[in-house]
Amino acid sequence: MVAVSLSPISAGQCARPQAAARLCGLQRIAGKAIAVHQAKRAPVVAAASASRFVVRAQAAGKNGSPSSAPAGGEQYDYDLIVIGCGVGGHGAALHAVDCGLKVAVIEGHDIGGTCVNRGCVPSKALLAASNEVRKLRNDHHQKTLGIQLNGVATFDRQAIADHATNLASTVQGNLQRSLESLGVTILKGQAKLTGPHTVSYGLPGRVDVGGSATAKDIIIATGSVPFVPGGIEVDGKTVFTSDHALKMEWLPNWIAIIGSGYIGLEFSDVYTALGCEVTFVEALPNMMPGFDREIAKLAQRLLINGRPIDFHTNVIASKVTPGVPGVKPVKIELTDFSTKEVVDELEVDACLVATGRAPYTNGLNLASVNVQTDRRGFVPVNDKMQVVDTSGKAVPNLYCIGDANGKYMLAHAASAQGIAAVECMCGRDRVVNHMAVPAACFTHPEVSFVGMTEDAAREKAEKEGWADKLGVSKTYYKANSKSLAELESDGMAKMMYRKDTGEILGVHMIGLHSADNIHEFSNAMNMGQTLGDLKFNVHAHPTVAEVNEELIRHAQLDKTAAAKPAAASKQPVAA
Ligand SMILES: Cc1cc2nc3c(=O)[nH]c(=O)nc-3n(C[C@H](O)[C@H](O)[C@H](O)COP(=O)(O)OP(=O)(O)OC[C@H]3O[C@@H](n4cnc5c(N)ncnc54)[C@H](O)[C@@H]3O)c2cc1C
Ligand SMILES: NC(=O)c1ccc[n+]([C@@H]2O[C@H](COP(=O)([O-])OP(=O)(O)OC[C@H]3O[C@@H](n4cnc5c(N)ncnc54)[C@H](O)[C@@H]3O)[C@@H](O)[C@H]2O)c1
């Protein structure tokens, strides 16, 4: 398995002759690829830059040179069409341009997709603003730092909401400009496959928008939408998903959050910082079931117990009935997950449904290429992100990346998969090593991880007969000078590793800046580095990165592993 490289590749690496030729028209300026001979590219590109979206189909062949001319004599409008322009589609398109491919994206709603418009970006704006409020209202915190505020910190809900909306629109604009400046054609419409190399697109009720286009390769990057379990009625006012919650149109005094995953936790951080009370409803026996058990336990102490939050576990919200703000409460029927008996009913002001996401893959006409989605709607793919048909074979020239394939529903995973798919279509097989993809929950403090949990590592070690070689190293933020200086020294980090080889199996953290700190380990895992290599890393003092140094130092390797770093031969002896 080869891990994907996220760094742009050079012209010399491009596999396709026509691709390499086109790359000659690109210059690297301050790290960005800029198209310098746009006129030689298909004129549709200029149209894309001039207006927000290209409306009506414009076959590139009509205005400029057809894109690909394979041996069979077929000619395509583009080398690559990407259906859906979220972060996955955007990442794939940019990398494809870097590889010299002629690219079109077809977007049915808004450039940037979930992450930019209804996900990562606006949620982090709300988290940033609300955490300022939390800190300012924490007298003990301020006094210990020597600060007196002489009054209660107040906030403007609408202004905080506007910060999130404005950030999303700034980032959306940046993404659009990056595509335009690189000459990517942006087509508007809901797209579907109409042949092995043909895509048609359009918008309901808009006869002026749409058409069809051809490409040698097609990437499906259509993402996901909130999943709402049966029995829950969403009215968008008192019962809502993250799509509505991010607009923060009002702040309920008491909100129930169904699901204690990423979305539930991040929103509980926002709501409690702004003075709301939260009740979690979680189907599984423990809160935060996706985290390493020990980290989840500490997360419960830091993110839940000390805040106005209570929770019900092992129950599902079997029926949710919207209310009327200030007049009628939202009613939530709770059913025991094991016995399936109704056990309670909650009455709250509002309810956020955070029970996962469903792939957005309806209407793609996958049956035309003999492909069936799984039960939940995910598109089946192999390691190279090639779509797999009902007989288990890869469909030629068709790829699916990001939330739509369900392999790892995170923004950076979507974009890494897009880059890998482009590499594969250029003849350089790459697969994303998902075990080395970091994940983070941006609560305060942050939770982050990469690779296996302790339970998973133990299970693997026992199954494979090396349980005595499994090491677990731990350290606490209490000893970290930088965290102490910031009065944010609650937290721990743990690492599972092999004592005999120094292989890192998984790292989990909760603490200040842990979403940033995890990268030393995820990158090491991606590069196949061992603890024998990492022990020579130097960390600036005083930084939170020194938590990593402690974690590495506490690992107890067998003498052979300690003496033999994987990359020892590559280390320079002296400068
Ligand atoms: C509240 C929230 C917070 C999140 N925070 C984070 C975070 O901090 N970090 C992180 O890594 N991840 C986060 N995520 C997850 C992240 O947003 C997704 O993993 C990521 O957006 C997936 O990218 P994608 O490109 O696969 O799909 P999407 O971003 O969903 O984009 C798909 C695009 O395809 C378009 N489309 C769909 N069907 C068609 C069609 N037929 N034709 C044309 N266009 C179509 C859609 O309009 C959409 O724009 C968050 C998600 C949510 C909901
Ligand atoms: N910081 C980030 O990277 C970030 C932030 C937000 C969202 N996301 C992405 O968005 C996706 C969706 O997030 P999410 O929090 O909605 O999903 P999730 O899968 O993280 O958590 C859903 C939780 O809801 C529980 N649940 C499901 N049905 C239930 C029911 N009927 N009653 C009670 N509990 C129920 C599950 O047991 C689980 O704990 C995630 O897969 C994640 O990849 C990422």
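Here the structure is a predicted model, which is why all the values come from computation and not from measurement. All ligand and atom numbering here is 1-based and tracks the order in the structure.
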For this session: Tell me which part of Cys115 gets within contact of ligand 1: side chain, backbone, both or neither, using heavy atoms under 4.0 Å.
Result: both
Protein N/O near ligand 2 N/O, under 3.5 Å, which pairs?
| residue | atom | partner | partner atom | Å |
| --- | --- | --- | --- | --- |
| ligand 2 | 1 (N) | Glu266 | OE2 | 2.8 |
| ligand 2 | 1 (N) | Ala440 | O | 2.7 |
| ligand 2 | 3 (O) | Ala440 | O | 3.2 |
| ligand 2 | 15 (O) | Tyr262 | N | 3.2 |
| ligand 2 | 15 (O) | Ile263 | N | 2.8 |
| ligand 2 | 16 (O) | Ala354 | O | 3.4 |
| ligand 2 | 16 (O) | Gly356 | N | 2.8 |
| ligand 2 | 17 (O) | Gly356 | N | 3.3 |
| ligand 2 | 20 (O) | Tyr262 | N | 3.3 |
| ligand 2 | 32 (N) | Ala317 | N | 3.4 |
| ligand 2 | 34 (N) | Ala283 | N | 3.1 |
| ligand 2 | 37 (O) | Glu282 | OE2 | 2.6 |
| ligand 2 | 39 (O) | Glu282 | OE1 | 2.7 |
| ligand 2 | 39 (O) | Glu282 | OE2 | 3.2 |
| ligand 2 | 43 (O) | Met409 | O | 2.5 |

For this session: Check the surroundings of atom CG in Asn305: do more than 12 heavy atoms from other residues, nucleotides or ligands lie under 6.0 Å from it?
Result: yes
Problem set entry | Output field: ring centroids Tyr76/His197 closer than 6.0 Å | yes
Exercise. Side chain to side chain donor-acceptor pair (under 3.5 Å): which pairs involve residues 80-92, sequence neighbours left out?
Worked result: His90-Ser178
Exercise. Are any of the heavy atoms in Gly189 under 4.0 Å away from ligand 1?
Worked result: yes
For this session: For ligand 1, note which part of Ile263 has a heavy atom under 4.0 Å away: side chain, backbone, both or neither.
Result: side chain
For this session: For ligand 1, indicate whether the residue Pro226 contacts it via side chain, backbone, both or neither (heavy-atom separation under 4.0 Å).
Result: neither
Seminar exercise, completed: So for Ser123 against ligand 1, with non-hydrogen atoms under 4.0 Å, the contacting part is side chain
For this session: Say whether Lys192 and ligand 1 are in contact under the criterion: heavy-atom distance to a ligand atom below 4.0 Å.
Result: no
Exercise. Closer than 4.0 angstrom: is that true for some heavy atom of His90 and an atom of ligand 1?
Worked result: no
For this session: Kindly assign one of parallel, tilted or perpendicular to the pair Phe449 and His508, based on the angle between their ring planes and the thresholds 30° and 60°.
Result: parallel
For this session: Just let me know how Met409 lines up against ligand 1, side chain, backbone, both or neither, with a heavy-atom cut-off below 4.0 Å.
Result: backbone
Problem set entry | Location of contacts on Tyr262 toward ligand 1, heavy atoms closer than 4.0 Å | neither
For this session: For Cys120, enumerate each residue passing the disulfide bond (SG atoms under 2.5 Å apart) test, keeping only those at least two apart in sequence or located in another chain.
Result: Cys115
Problem set entry | Any Leu512 side-chain heavy atom under 4.5 Å of Pro445 side chain | no
Problem set entry | Lys124 atom NZ, over 12 foreign heavy atoms within 6.0 Å | yes
For this session: Please determine if Ala191 has a nitrogen or oxygen closer than 3.5 Å to a nitrogen or oxygen of ligand 1.
Result: yes
For this session: Mind checking salt bridge (charged side-chain N to carboxylate O under 4.0 Å, His left out) for Lys331 and listing every partner two or more places apart, or none if nothing turns up?
Result: Glu347
Exercise. Is there a donor-acceptor pair closer than 3.5 Å between any side-chain N or O of Asn286 and the backbone N or O of Pro289?
Worked result: no
